[in-house]
Amino acid sequence: MTELTDITSLLLSRIRDVADYPEPGVMFKDITPLLADPEAFSALTGALARVAAETGATKIVGLEARGFILGAPVAVRAGLGFIPVRKAGKLPGATLRQAYDLEYGSAEIEVHAEDLASGDRVLIVDDVLATGGTAEAAIRLIQRAGAEVSGLAVLMELGFLGGRTRLEPALGEAPLAALLRI
């Protein structure tokens with residue numbers, strides 16, 4: 001328990017609050033100080049790599065864009081492959097695409113069709129779980145590719161936005177691990 005408390009304290013100490021960004025009334029959680037600190041970044045990737053091992057993941061999916069920053073070193077540390085899930089139109093070749101609704105509009109994400117297959121157990125990694133729209137679309141995309149979602153791991157969950165409740169049906173038995181809950 002002490003190790004978890006120490007990691008939590010370290011991570012929280014390296015996240016900066018930025019008031020009124022990107023719009024008035026929003027308190028943005030800036031992780032760039034955490035990324036700039038090798039001790040904190042290593043602790044973060046180590047904790048997420050442990051989640052990958054606990055869930056039996058065989059691949060890591062990172063959600064554009066900060067999920068790339070976290071997911072790639074987690075994959076290396078865990079000895080797993082890394083698959084980027086991109087905004088639509090950013091990947092060459094054959095892709096699978098999934099649409100989802102945003103607060104004001106809609107968006108689409110995609111993955112290379114050949115990067116995921118039956119038998120793959122995929123841990124989705126991202127920096128923040130907010131409303132859960134992008135993560136839910138990623139779950140659907142991974143399932144459509146024939147792979148299994150082993151879990152979702154995030155640095156921080158903004159609990160007041162209800163993302164966990166939205167994702168629980170899509171995740172089924174797969175865990176949602178948030179290192180920090182705000």
Requested in this report: Could you tell me which non-hydrogen atom of Arg121 sits nearest to which non-hydrogen atom of Ser150, and how far apart they are?
Outcome: NH2-CB, 3.4 Å
Report task. Count the heavy atoms belonging to other residues, nucleotides or ligands that lie under 6.0 Å from CZ of Phe28, then report whether that count exceeds 12. Result -> yes
Report summary line: All heavy atoms of Ala135 vs all of Leu152, minimum pair found to be CB-CD2, 4.1 Å
**Report entry** Distance-minimising heavy-atom pair for Ala174 and Val149
**Finding:** CB-O, 3.5 Å
Report task. Considering non-hydrogen atoms only, spot the tightest contact between Ser42 and Arg77 and give its length. Result -> O-NH1, 2.7 Å
Query raised in the report: What do the steps show when you test Ile139 against Leu167 for side-chain contact (heavy atoms from CB on, under 4.5 Å), and what is the final call?
Result: CA-CA 9 Å; Ile139 291 166; Leu167 292 177; 4.1 Å; yes
**Report entry** Linked, directly or transitively: Phe160 and Val128 (ILVMFWY side chains, under 4.5 Å)
**Finding:** yes
Query - Gap between atom CG of Leu116 and atom CG of Leu96 - 0.5 Å precision - result: 8.5 Å
Query raised in the report: Testing Arg97, Arg140, Arg144 for salt bridge (charged side-chain N to carboxylate O under 4.0 Å, His left out) with Glu110, which one passes?
Result: Arg97
Report task. Report yes or no: do Ile182 and Leu161 belong to one cluster of Ile/Leu/Val/Met/Phe/Trp/Tyr joined by side chain heavy-atom distances under 4.5 Å? Result -> yes
Query - Considering all heavy atoms, the nearest Leu70-Val74 contact - result: O-CG2, 3.1 Å
Query raised in the report: Quick one: are Glu39 and Leu10 in side-chain contact, heavy atoms under 4.5 Å?
Result: yes
Query raised in the report: Backbone N or O of Ala52 within a donor-acceptor pair of the Thr55 side chain at under 3.5 Å?
Result: yes
Query - CA sep, side-chain torsions, deciding dist, call: Leu11, Leu179, side-chain contact (heavy atoms from CB on, under 4.5 Å) - result: CA-CA 9 Å; Leu11 298 177; Leu179 301 181; 4.2 Å; yes
Report task. Mind checking the CD1-CG spacing from Ile124 to Leu141? Nearest 0.5 Å is all I need. Result -> 9.0 Å
Query - Check against side-chain contact (heavy atoms from CB on, under 4.5 Å), Ile83 and Val122 - result: CA-CA 9 Å; Ile83 311 297; Val122 180; over 6 Å; no
Query raised in the report: Residues in side-chain hydrogen bond (donor to acceptor under 3.5 Å, both in side chains) with Glu157, at least two apart?
Result: Arg164, Arg181
Query raised in the report: Under 4.5 Å between any side-chain heavy atoms of Leu171 and Leu176, yes or no?
Result: yes
Query - Thr134 versus Tyr100, side-chain donor and acceptor atoms under 3.5 Å - result: yes
Query - Spatial distance of atom NZ (Lys87) from atom CG (Leu63) [nearest 0.5 Å] - result: 11.5 Å
Requested in this report: With side-chain contact (heavy atoms from CB on, under 4.5 Å) as the test, would you mind laying out the steps for Lys29 and Met156 before giving the verdict?
Outcome: CA-CA 9 Å; Lys29 300 293 186 182; Met156 71 182 114; 3.6 Å; yes
Query - Transitive ILVMFWY side-chain link Leu48 to Leu12, under 4.5 Å - result: yes
Query raised in the report: What distance do Leu44 atom CG and Leu180 atom CG have between them, rounded to the nearest 0.5 Å?
Result: 8.5 Å
Query raised in the report: Hey, are the side chains of His112 and Pro92 touching, using non-hydrogen atoms and a 4.5 Å cut-off?
Result: yes
Report summary line: Scanning both residues in full, the closest heavy-atom pair of Gly62 with Phe82 reads N-CE1, 3.5 Å
Query - Atom pair CZ/OG1 of Arg50 and Thr45 - distance to nearest 0.5 Å - result: 9.0 Å
Query raised in the report: Can you tell me how far CD1 of Ile15 sits from CD1 of Ile31, rounded to the nearest 0.5 angstrom?
Result: 7.5 Å
Query - Same apolar cluster: Ile142 and Leu91, side chain cutoff 4.5 Å - result: no
Requested in this report: Could you check if a side-chain atom of Ile69 sits within less than 4.5 angstrom of a side-chain atom of Leu35, using non-hydrogen atoms only?
Outcome: yes
Query - Sequence neighbours excluded - side chain to side chain donor-acceptor pair (under 3.5 Å) pairs with any residue from residues 56-74 - result: Lys59-Asp120, Glu64-Arg86, Arg66-Asp127
Requested in this report: Look only at the side chain of Asp30 and the backbone of Asp17, and say whether a donor-acceptor pair between them is shorter than 3.5 Å.
Outcome: no
